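Below is one structure; the comments refer to it alone.
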Amino acid sequence: MSQAIALIDGNSFYCSCERVFDVKLRSVPVIVLSNNDGCAIARTAEAKALGIRMGEPWFKIRELCRTERVRVFSSNYALYGDMSARANEVYRRFSPRVEIYSIDESFLDLTDVAPGRRLELARDLRATVHRWTGIPTCVGIGPTKTLAKLANHLAKTNPALAGVCDLSDDNERSHWLCRTALEEVWGIGRASQAKLRALGCDSVADVRDLDPRPVRRALTVVGERIIHELRGRACLSLETVAATRKGCAVTRSFSSRVEDLATMEQAVAAHATRLGEKLRRERLGTDHVTVFFHTSEHDTGNPQRSASTVVTLPEATSDTLALIKAATAGVRRIWKTGYRYSKAGVITVDLVPLAASQRALFDGLDRERGGALMDALDACNRRWGRGAVVPGTAGFGSQRTWSTRFDMRSPRYTTRIADIPVVGSA
DNA sequence: TCTGGGGTCCTAGGACCC
DNA sequence: TCTGGGGTCCTAGGACCC
């Protein structure tokens with residue numbers, strides 16, 4: 001029997017999370033902005049109807065949002081991450097095999113569900129998730145991940161389908177593939193779309209019927225896989241165990257331009273601190289850190305500069321103090337005065353698992369002490385909030401002119417004691 | 001004033017090796 | 001015309017995703 005995969009995702013997920021905790025947001029337009037309040041990354045149907053596009057810069061839609069009374073929020077990742085975890089708990093009651101694909105999307109294995117019962121299960125799943133978490137969702141089902149994604153798109157954009165779509169049946173599938181534009185396919189972006197149109201394709205069905213060999217030449221093996229997946233032959237398997245991450249980065253735009261070395265060092269030290277937290281949470285380490293900063297291409301009339309350097313550490317580590325030392329050394333190495341820098345970051349690749357590495361072999365006292373110190377640091381920051389305790393070498397204290405903007409963030413309703421909503425009045 | 005952040009995968013081409 | 005023929009490893013850059 002061929003497999004059946006479902007893709008479930010939250011509708012306007014970040015906006016829906018905000019709506020769960022504020023009933024006044026229901027049925028009014030809502031958008032959520034990216035980091036630094038840069039651009040719109042989630043919009044409700046009402047906001048889309050006003051013409052607000054995905055990725056549109058905040059300063060361009062600010063006036064529209066004021067006149068149309070759009071409710072605007074900064075990103076609240078603590079809230080969205082927690083709501084995502086709750087939704088996935090519900091998914092696991094419906095399928096033993098779940099792949100968490102992104103913060104708002106999961107693939108579920110429905111192979112063992114009888115074909116005639118899959119839509120019924122999908123409706124039950126949607127209703128349960130909505131009842132238990134407050135998040136509205138859509139479900140797409142197909143014999144491959146690519147077709148499940150496409151089915152999900154159809155479920156979301158065709159009101160007649162009422163939020164569920166099953167493309168398991170050959171005839172049903174052909175019907176829809178002929179009527180769907182090729183750019184809706186998962187993995188076909190702007191560049192591939194242009195190439196496929198040049199090959200005479202218009203609909204998804206046209207792409208499905210291409211000869212895979214010329215497609216491989218034009219779109220690499222990725223394009224060839226898409227064709228097989230659209231034909232119902234799976235090339236992408238369900239990954240129920242999260243792979244160990246390969247790289248890790250912390251990069252941020254500044255809320256105002258940075259022009260002096262001391263501020264840049266502070267900012268990069270803060271990013272290195274955050275990097276250490278992320279690495280320790282997954283017990284990973286790195287023996288080199290890339291540091292970069294650059295000006296903004298939107299700053300026309302000002303000189304442009306982009307600089308980066310790789311700093312090597314004596315051994316793989318996740319120790320914040322070592323990471324800060326390396327990162328600030330990198331800043332000094334490539335620093336040049338006379339530019340208005342807009343963004344900086346620290347990046348690592350080739351992460352290694354730390355627990356079982358040299359640590360056990362060469363455990364010196366210093367390292368033991370460092371590990372205990374970092375454990376204590378993480379425990380404090382878990383308890384009192386990120387940034388409650390920071391190393392003195394991070395250079396905090398003066399005002400954080402470089403820090404990211406989050407002017408319109410909602411409370412951390414579910415992850416912060418002081419922010420838990422109160423029902424009724426005293 | 002003002003334009004996000006963090007990932008993955010794939011390929012081409014250079015360096016180097018036997 | 002043509003100057004050996006593979007291998008591996010690394011890096012930069014493109015493309016795509018959410």
Side-chain angles (χ1 to χ4, degrees), chain A residues 7 9-14 31-43 52-63 65 72-77 80-81 84 99-107 145-146 149 152-153 183-196 215-226 235-236 239 242-257 271 274-275 278-279 282 288 290 292 294-302 306 308 310 340 342-351 401 404-409:
Chain A
L7 177 73
D9 77 338
N11 303 343
S12 314
F13 182 66
Y14 295 174
I31 64 171
V32 173
L33 301 176
S34 65
N35 265 321
N36 213 32
D37 294 343
C39 58
I41 52 169
R43 309 106 71 221
I52 298 172
R53 291 189 309 267
M54 183 69 176
E56 195 149 25
W58 168 227
F59 77 91
K60 282 190 183 170
I61 51 175
R62 194 173 201 149
E63 191 52 30
C65 289
V72 182
F73 291 89
S74 304
S75 294
N76 185 344
Y77 291 109
Y80 312 149
S84 172
E99 174 186 339
I100 300 174
Y101 176 67
S102 74
I103 194 165
D104 76 323
E105 287 174 75
S106 290
F107 289 102
K145 281 181 161 181
T146 303
K149 280 282 271 188
N152 177 277
H153 164 78
E183 61 265 29
E184 304 301 341
V185 174
W186 189 36
I188 297 182
R190 260 220 315 269
S192 303
Q193 186 194 335
K195 288 176 187 166
L196 289 167
V215 171
R216 183 169 191 144
R217 277 196 294 277
L219 297 175
T220 81
V221 65
V222 177
E224 192 178 354
R225 260 183 227 145
I226 287 172
C235 300
L236 308 169
E239 309 289 339
T244 314
R245 70 157 79 228
K246 301 188 159 93
C248 191
V250 179
T251 71
R252 292 283 182 281
S253 296
F254 303 124
S255 53
S256 54
R257 300 292 185 244
H271 299 342
R274 179 82 189 104
L275 182 74
K278 288 169 81 174
L279 293 181
E282 299 184 37
H288 56 268
T290 301
F292 78 87
H294 58 69
T295 54
S296 167
E297 55 192 18
H298 304 294
D299 271 3
T300 50
N302 287 305
S306 177
S308 80
V310 181
R340 304 176 71 244
S342 67
K343 182 174 180 175
V346 292
I347 302 171
T348 67
V349 288
D350 299 328
L351 300 178
T401 51
T404 304
R405 223 189 306 260
F406 285 102
D407 293 340
M408 298 162 282
R409 184 157 60 194

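Chain letters run A, B, ... following the sequence lines, proteins first, then strands; residues in each count from 1. Treat the numbers as computed from the prediction; the structure is a model and nothing was measured.
Here the CG atom belonging to A:N302 is positioned 11.0 Å from the OG atom belonging to A:S342, to the nearest 0.5 angstrom. Atom NZ in A:K149 sits 11.5 Å away from atom CG in A:L236 (nearest 0.5 Å). Note that the CG atom of A:D407 and the OG atom of A:S74 stand 6.0 Å from one another [nearest 0.5 Å]. Rounded to the nearest 0.5 angstrom, A:H271 NE2 and A:T251 OG1 are separated by 7.5 Å.
Counting non-hydrogen atoms under 4.0 angstrom, A:E297 reaches nothing in the nucleic acid. As judged by a 4.0 angstrom heavy-atom cut-off over every strand, A:D37 is placed among residues making no nucleic acid contact. Residue-level contact check: A:K60 touches neither bases nor backbone, having no heavy atom under 4.0 Å from any strand. Residue contacts for A:K195: at a heavy-atom cut-off of 4.0 Å it reaches no nucleic acid atom on any strand shown.
Taking the nucleotide of DNA chain B with the nearest heavy atom to each of A:A249 and A:R216, the more 5' of the two is matched to A:A249. Between A:R245 and A:M54, the residue anchored closer to the 5' end of DNA chain B is A:M54, taking for each the nucleotide with the nearest heavy atom.
Looking at A:Y14 and A:I103, their side chains come closer than 4.5 Å, going by heavy atoms from C-beta outward. Under the 4.5 Å side-chain criterion, counting only non-hydrogen atoms from C-beta, A:V32 is not in contact with A:F13. Side-chain contact between A:K145 and A:Y101 is absent, with no heavy atoms from C-beta onward closer than 4.5 Å. Put simply, the side chain of A:E224 does not reach to within 4.5 Å of the side chain of A:L219, judged on heavy atoms.
Exactly one of A:R340, A:R257, A:K343 qualifies for a side-chain contact (heavy atoms from CB on, under 4.5 Å) with A:S296. That residue is A:R257.
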- Message: Output the pairing pattern of DNA chain C as a dot-bracket string, 5' first, Watson-Crick or G-U wobble with both distances under 3.5 Å, | for cross-strand pairs, [ ] for crossing pairs.
- Response: ....||||||||||||||

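Shown for residues 183-193 of chain A: residues whose heavy atoms fall under 4.0 angstrom of DNA chain C, namely A:V185, A:W186, A:G187, A:I188, A:G189, A:R190, A:A191, A:S192.
A nucleotide of DNA chain B counts as in contact with chain A when one of its atoms lies under 4.0 Å from a heavy atom; the first and last such, 5' to 3', are B:dC2 to B:dT11.
Of the possible polar contacts, none joining the A:S12 side chain to the A:A42 backbone as a donor-acceptor pair under 3.5 Å is found. Within the 3.5 Å criterion, the main-chain N or O of A:L33 finds a donor-acceptor partner in the side chain of A:S75.
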